[in-house]
2 protein chains.
Amino acid sequence: MYSSLDDVARAAGVSSATVSRALRDLPSVKPETKRRIQKLAHEMGYVISPSASNLATGKTRTIGLLTPWVNRWFFANIIEGAEKGLRQHNYDALLYTFHETPFEPRQRLDPQVLRRRVDGVLVLGLQLDDEEVASLANLDVPIIFLGPGHSKYTTVGIDDFGAATLIMNHLVELGHTKIGHIAGPDMEQFTNSPSAGRYRGWRSAVQSLDLPVDDAWRRDQSFDQASGMRATHGLLDAHPDLTAIFAATDTLAIGVMRALSQRGLKVGTDIAVAGIDDEETAKYVGLTTVRQDPRAQGVRSAQLLLSAMAGEETPLTDLGEIELIERASSGRISVRFMD
Amino acid sequence: MYSSLDDVARAAGVSSATVSRALRDLPSVKPETKRRIQKLAHEMGYVISPSASNLATGKTRTIGLLTPWVNRWFFANIIEGAEKGLRQHNYDALLYTFHETPFEPRQRLDPQVLRRRVDGVLVLGLQLDDEEVASLANLDVPIIFLGPGHSKYTTVGIDDFGAATLIMNHLVELGHTKIGHIAGPDMEQFTNSPSAGRYRGWRSAVQSLDLPVDDAWRRDQSFDQASGMRATHGLLDAHPDLTAIFAATDTLAIGVMRALSQRGLKVGTDIAVAGIDDEETAKYVGLTTVRQDPRAQGVRSAQLLLSAMAGEETPLTDLGEIELIERASSGRISVRFMD
DNA sequence: CTGTTAGCGCATTCAC
DNA sequence: GTGAATGCGCTAACAG
């Protein structure tokens, strides 16, 4: 069906071993012969059989992308970035999704399906427990985490504590002292989660204000708008005197804004709101936030994985850039729609 | 490193051929032996080598997912659906992205990279020209299209003309007669594109109103908010008397709403706006739209591909459900935020 | 610099 | 029902 190395070898009047060497551009082939073979192979439309190559070398040139969702801003972008970063180096990306809902736990990771199939694994925004990490490690291929990390493996992400601090400093500077927090999920089980880092940033800022640390000003939620709305109503029912709400993500923050609107409160005037992410919608609704670039993080995690597979040392953490974006929701700016 | 068929065979006291048969559950193995081997293989942690299996059978149990982006609502959801649909049948999904921008054309499809790597191809939301389709067909594996289709291949999608008609009927029912249209890209080259179908729906409705067909009431754009904004300003500068704007997608429609807001026009009161998609944000901004379910379309396209790979006939088109969702932007409902 | 040989791990004849 | 032999297409080790 397809032409094989042998076909090319026959046509070139050399052995298949030489063709193999020539096509891999090994230095041990006479330059002229090499060029001749490469040209011929191209003309014949020869394409290597990845399976045969893998069988012979043990290398698949494929990496596994493990992720809970693809239909969310953060995840879609890191996946896109990672795929791009891998493709550039001629690696294939195998996609594995593990749907999480607040109601039913996601399916557990079964690393068996990755066996002999990938040269490395990128764990994108997935919270794995120790047991899962251990079984992943059994695959004996490099692993890079993105987002919720692991203390023993290279983790790409942002300084979540720092991001929260940026927001809190901004709100405090505007005169706010009673600042509620809508936290993300997984804070109890995973102290390394972004949610936990952002929560600590909020808590630390509250403490430094010499205010009593009031965890009653906090609600834990999953990452969706509806959760943000629910949490806001609960929070304001209990503490109507809050003047600002810092949500762990923009999506939650937008839920907050909707809830405030339902209660007849004017965002940015009656009460300040801020999030983290700077996703597209943030600009539209005028949300103050901390910008991060998940696409760049995806590319970066791919690069680190390739390094690790090349046997190089990789740093334990790699933090992407963040930047405070001030918009109308925190009350400094009064126009609703900006560009 | 891993245990092989031979290892299991040795431990079971049978030949590797028998193990191979037993693990594939072929009927030609004595039931008792079969169970014994399956149990043993499981205990030994045996995992098949996909490459070796592929080399022997020619089947990769992998399909290629070709898509322009993953970081957009429609694409993220079809990818998620397709991956899920494939995983359920133990197929792997290989992700290939082809970034498109209005400025630089995307890289052309080079099907060579898919050679010997996939048993089938899902073309998700990608506009391929005839040459690309021809080279894809050379791979000699089944192909299913999702979104912009191809007249010779099974295409999953929605009735774009019908969706536009739903919107137009709704607007006309509300009394509108001067309805502008913000169309999507690729209408010229590809008459099979969703953009083209929606445009025809708009045009046909305009005609049936016995209005002069006025293509001056139309602007062609790429699928992003900024385009929608730009187009709106252009449209209203030229035709300030329009009372409604129908945008080809929600994202464009949201751009329209932003532009109207900039011009001091009140959406739903001064001017009606409608889109197509019903993405998450549509609810938040109160956008009237036609709901479609890209996730279900992704699952469906995976099912059809699996059928095709099994040698079954597949219908030329498979249309997903659509439904008109009336919200404040078309002026019927006056509250801004609903649930 | 190049060819020969052997083997990666499986599925498939063809015997028995 | 089961086993032995062969080949899928490539790379690696060893000669030369």
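A quick note: this is a predicted structure, and the numbers were derived from the prediction, not measured. Here is the naming used below: chain letters follow the sequence lines, and residue numbers restart at 1 for every chain.
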*Looking at S15(B), does any N or O in its side chain come under 4.0 Å of the phosphate oxygens OP1/OP2 on dT2(D)?*
no
_Less than 4.0 angstrom between a side-chain N/O of R116(A) and OP1 or OP2 of dC10(C), yes or no?_
yes
*Roughly, in whole Å, what's the span from CD1 in I48(B) to P in dT12(C)?*
10 Å
*Apply salt bridge (Lys or Arg N to Asp or Glu O under 4.0 Å) to R61(A) and D119(A), showing your working.*
CA-CA 6 Å; R61(A) 290 201 80 83; D119(A) 294 342; over 6 Å; no
_With a 4.0 Å cutoff (strictly under), does any side-chain N or O of T57(A) reach OP1 or OP2 of dT11(D)?_
no
*Round to a whole Å and report the spacing from CG of N54(A) to P of dC8(C).*
14 Å
_For dA11(C) and S53(B) - does any side-chain N or O of the residue sit under 4.0 Å from the phosphate oxygens OP1/OP2?_
yes
*Measure up the Y153(A) and F145(A) rings against each other and bin them: parallel (under 30°), tilted (30 to 60°), perpendicular (over 60°).*
tilted
_Mind checking if S4(B) touches a base, just sugar-phosphate, or nothing, with heavy atoms under 4.0 Å?_
sugar-phosphate
*Using a cut-off of 4.0 Å on non-hydrogen atoms, how would the nucleic acid contact of R24(A) be classed: base, sugar-phosphate, or nothing?*
sugar-phosphate
*Could you tell me the separation between the CG atom of L5(A) and the P atom of dT11(D), rounded to a whole number of Å?*
6 Å
*Can we say E83(A) and R87(A) salt-bridge, meaning some charged N sits less than 4.0 Å from an Asp/Glu carboxylate O?*
yes
*Take the protein atom CG of L23(A) and the nucleotide atom P of dT11(D), then report the distance between them rounded to whole Å.*
8 Å
*Is E43(B) paired with K39(B) through a side-chain N to carboxylate O contact shorter than 4.0 Å?*
yes
_Closer than 3.5 angstrom, by distance alone: can the side chain of S195(B) be matched with the main-chain N or O of S193(B) as a donor-acceptor pair?_
no
_S20(B) or S16(A), whichever maps to the more 5' nucleotide of DNA chain C_ = S16(A)
*Does OP1 or OP2 of dC10(C) have a side-chain N or O of Y46(B) closer than 4.0 Å?*
yes
*Check the distance between dG9(C)'s P and K59(B)'s NZ and give it to me in whole angstrom.*
24 Å
*Between K30(B) and R21(A), which has a closest nucleotide on DNA chain D that is more 5'?*
K30(B)
*For the pair N77(A) (side chain) and F74(A) (backbone), establish whether a donor and an acceptor sit closer than 3.5 Å, ignoring hydrogens and angles.*
no
*Is S28(A) touching bases, backbone alone, or none of the nucleic acid, heavy atoms closer than 4.0 Å?*
base
*Between V19(B) and A56(B), name the one whose nearest nucleotide on DNA chain D is closer to the 5' end.*
V19(B)
*To the nearest Å, how far apart are L26(A) CG and dG3(C) P?*
14 Å
*Over how many whole Å does the gap from E32(B) atom CD to dT2(D) atom C1' extend?*
14 Å
*Using a cut-off of less than 4.0 Å, is there contact between a side-chain N or O of T18(B) and OP1 or OP2 of dG3(D)?*
yes
*Scan T33(B) against the nucleic acid and name what it touches under 4.0 Å (heavy atoms): base, sugar-phosphate only, or nothing.*
sugar-phosphate
*Round to the nearest Å and state the distance from L55(B) atom CG to dG7(C) atom P.*
17 Å
